[in-house]
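In the text below, chain A, chain B and the rest are named by the order of the sequence lines, each starting its count at 1. The shown structure was predicted, so the numbers you read here are calculated from the model rather than taken from an experiment.
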There are 2 protein chains.
Amino acid sequence: MDELPTRDRLIFAALRLFGEKGYLSTSVQDILREAGANSGSLYHAFPTKQDLLVAVLETYRQGIEPMLLAPAWAGVEDHIERVFALLGAYRGMLAATDCLYGCPIGSIALELHEPDPPVRELLSKNFDGWVDHVERCLVAAGDRLPADLDRRGLAVFTLTTMEGGVMQSRTHRTLDAFDASISHLRDYVRRLEQAASAGRSDAAQGTTG
Amino acid sequence: MDELPTRDRLIFAALRLFGEKGYLSTSVQDILREAGANSGSLYHAFPTKQDLLVAVLETYRQGIEPMLLAPAWAGVEDHIERVFALLGAYRGMLAATDCLYGCPIGSIALELHEPDPPVRELLSKNFDGWVDHVERCLVAAGDRLPADLDRRGLAVFTLTTMEGGVMQSRTHRTLDAFDASISHLRDYVRRLEQAASAGRSDAAQGTTG
DNA sequence: CGGTCCCTTGATTGATCATTCAACCAAGCA
DNA sequence: TGCTTGGTTGAATGATCAATCAAGGGACCG
């Protein structure tokens with residue numbers, strides 16, 4: 001029944017609050033209250049609030065696989081469906097929070113206009129890690145997608161779709177924009193699959209394009 | 001040689017600063033310095049800082065057509081190319097500012113996690129106005145796009161692409177993510193045009209799908 | 001028992017923030 | 001000339017913020 005160490009409680013409290021109210025709008029007092037700690041403890045563990053943010057971003061990055069992907073992909077074997085299952089997980093978070101809670105990384109990324117190098121680098125790494133996982137799905141899809149498709153680029157485009165959709169849905173307080181975005185991405189991928197399929201039968205017939 | 005009235009100088013100063021550093025990170029002092037005014041003048045014109053934000057969002061919305069679309073569309077007659085010319089304008093802003101200045105509406109939208117009703121409504125209206133213009137282009141494209149295409153949805157998806165691309169490019173400080181996103185959107189639209197074209201020749205031959 | 005190490009406590013500090021206000025100015029009018 | 005109205009001045013106010021620090025607690029070791 002031992003509580004988590006104070007340092008970890010602070011990280012998780014900050015993680016939650018930064019995602020919910022943003023970095024700048026979350027005061028150190030808010031974090032202390034949420035974590036049940038005192039300011040001295042926070043500043044014993046972290047030199048500044050920004051160093052706590054760094055720890056949060058590192059924690060979030062490490063949590064992408066076990067906390068986000070694993071549950072989203074449980075029971076989903078199809079590589080392409082996994083991409084949309086991931087997007088569905090974000091939809092679930094939006095739906096569960098009345099379109100308030102989207103992607104904390106995106107929020108923080110747009111909130112910090114002069115981010116110090118370490119913070120920006122970690123935001124980059126978070127985005128990259130996400131894109132890496134999607135790219136792996138798209139690569140695993142093999143010849144279901146056109147051979148000459150830029151799969152990394154499509155993975156980036158997938159993140160773009162998620163973040164842009166979340167932004168609009170949070171603003172409008174409706175899932176409409178998110179759903180419209182995802183359904184168009186899905187349409188695009190379907191057309192890519194059709195093109196790849198057509199390409200394959202062309203090749204089987206020995207025809208050239 | 002008369003200067004702009006103080007009230008307008010304040011709005012334009014705030015517009016610039018909110019876009020550059022965000023709403024929360026811009027202090028009233030910053031705005032006063034930039035506008036060359038005193039706090040009393042600001043609070044004579046606006047009850048609170050947030051009311052100034054409201055005025056800024058209204059001003060921005062009215063400026064979308066004359067300040068953003070008009071220059072982006074000068075000399076571009078093709079309806080579909082206009083969509084990408086608009087996206088190109090954002091690319092130009094990113095390029096000119098080292099990927100620092102993207103879309104102020106998007107920044108503010110993600111920055112304000114508990115936006116009061118008037119602010120959120122104005123953010124919504126800004127997004128809607130942007131989407132309206134793109135939708136009009138897509139509608140004007142007529143049968144170059146599939147007849148059953150959800151054009152409003154594609155316009156929303158275009159905004160999604162822009163905002164998501166800007167977010168990533170600002171974070172990575174590279175145009176790569178923005179360019180990748182746009183080029184995939186372009187690929188998607190190209191495939192839609194091909195499908196529409198195929199559908200038209202089917203119809204001309206009297207075949208059915 | 002005393003000593004050391006790690007961590008916690010919580011009042012305090014000083015900076016910064018949005019906002020206020022009494023005084024002031026200039027133009028228009030009588 | 002004096003009154004009114006709309007706008008300006010900038011120091012002052014009080015709230016809030018991140019960060020500090022002297023004091024203490026308790027576990028472990030001799």
Side-chain angles (χ1 to χ4, degrees), chain A residues 1-57 59 107-108 111-119 122, chain B residues 1-57 59 107-108 111-119 122:
Chain A
M1 209 50 193
D2 237 344
E3 274 277 12
L4 239 43
T6 303
R7 191 191 141 89
D8 293 339
R9 289 209 319 278
L10 287 165
I11 289 178
F12 289 120
L15 176 54
R16 209 183 72 74
L17 290 169
F18 290 167
E20 190 178 304
K21 338 196 315 171
Y23 174 70
L24 292 172
S25 302
T26 299
S27 73
V28 169
Q29 285 301 328
D30 292 334
I31 300 167
L32 298 175
R33 201 179 312 117
E34 174 91 6
N38 289 88
S39 62
S41 295
L42 192 156
Y43 287 96
H44 178 77
F46 306 100
T48 70
K49 184 188 177 189
Q50 184 179 293
D51 289 286
L52 172 58
L53 171 61
V54 166
V56 163
L57 290 175
T59 302
S107 302
I108 295 170
E111 191 176 8
L112 302 179
H113 290 241
E114 301 165 353
D116 296 52
V119 172
L122 270 166
Chain B
M1 208 51 193
D2 236 344
E3 274 279 10
L4 238 45
T6 303
R7 191 190 142 91
D8 293 338
R9 290 209 320 277
L10 286 165
I11 290 179
F12 288 121
L15 177 54
R16 209 185 71 74
L17 289 169
F18 291 167
E20 187 178 305
K21 338 194 318 173
Y23 174 70
L24 293 171
S25 302
T26 299
S27 73
V28 170
Q29 284 301 326
D30 292 334
I31 300 167
L32 298 175
R33 202 179 311 116
E34 175 91 5
N38 289 89
S39 62
S41 296
L42 193 156
Y43 285 94
H44 178 76
F46 306 100
T48 69
K49 184 189 177 190
Q50 185 180 293
D51 290 287
L52 172 57
L53 171 61
V54 165
V56 163
L57 291 175
T59 302
S107 302
I108 295 170
E111 191 177 7
L112 301 180
H113 290 243
E114 301 166 355
D116 297 52
V119 173
L122 270 167

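The stretch residues 10-23 of chain B has no heavy atom under 4.0 Å from DNA chain C, so no residue of it qualifies as close. Proximity of residues 25-34 of chain A to DNA chain D (heavy atom under 4.0 angstrom from any strand atom) is restricted to Thr26(A), Ser27(A), Val28(A). A heavy atom closer than 4.0 Å to some atom of DNA chain C occurs in Thr48(B), Lys49(B), these being the qualifying members of residues 46-55 of chain B.
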Protein-nucleotides 3-9 of chain C N/O pairs closer than 3.5 Å?
residue: dC7(C); atom: OP2; partner: His44(A); partner atom: NE2; Å: 3.4
residue: dT8(C); atom: OP1; partner: Thr6(A); partner atom: OG1; Å: 2.2
residue: dT8(C); atom: O5'; partner: Ser41(A); partner atom: OG; Å: 3.4
residue: dT9(C); atom: OP2; partner: Asn38(A); partner atom: OD1; Å: 2.7
residue: dT9(C); atom: O5'; partner: Asn38(A); partner atom: OD1; Å: 2.9

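Sorted by first and then second residue, the ring-ring contact (aromatic ring centres under 6.0 Å, His included) pairs with a member in residues 22-50 of chain A read Phe18(A)-Tyr23(A); sequence neighbours excluded. Applying the salt bridge (charged side-chain N to carboxylate O under 4.0 Å, His left out) test to residues at least two apart or on different chains, none of the pairs has a partner in residues 38-53 of chain A.
Checked against salt bridge (Lys or Arg N to Asp or Glu O under 4.0 Å), Arg7(A) has no partners two or more places apart in sequence or in another chain. Applying the side-chain contact (heavy atoms from CB on, under 4.5 Å) rule to Glu34(B) yields the partners Ala13(B), Arg16(B), Leu17(B); only residues at least two apart in sequence or on another chain are considered. Partners of Lys21(A) by salt bridge (Lys or Arg N to Asp or Glu O under 4.0 Å), not counting sequence neighbours, listed by chain and number: Asp30(A). For Leu122(A), the side-chain contact (heavy atoms from CB on, under 4.5 Å) partners are Val54(A), Leu57(A), Glu58(A), not counting sequence neighbours. Residues passing the side-chain contact (heavy atoms from CB on, under 4.5 Å) test with Arg9(A) are Glu3(A), Leu4(A), Thr6(A), Ala35(A), Ala37(A), sequence neighbours excluded.
The closest side-chain heavy-atom distance from Ile108(A) to Val56(A) is not below 4.5 Å. Between Ile11(A) and Leu52(A), the closest side-chain pair of non-hydrogen atoms falls below 4.5 Å. In this structure the side chain of Ser25(A) never reaches within 4.5 angstrom of the side chain of His113(B), judged on heavy atoms.
When DNA chain D is scanned 5' to 3' for any atom under 4.0 Å from a heavy atom of chain B, the first and last hits are dG7(D) to dA11(D).
For the atom pair CD of Glu111(A) and CG of Leu112(B), the computed distance is 9.0 Å after rounding to the nearest 0.5 Å. Distance check: Leu15(B) CG to Asp8(B) CG gives 11.5 Å after rounding to the nearest 0.5 Å.
Between Tyr43(B) and dT20(C) there is no side-chain N or O to OP1 or OP2 distance below 4.0 Å.
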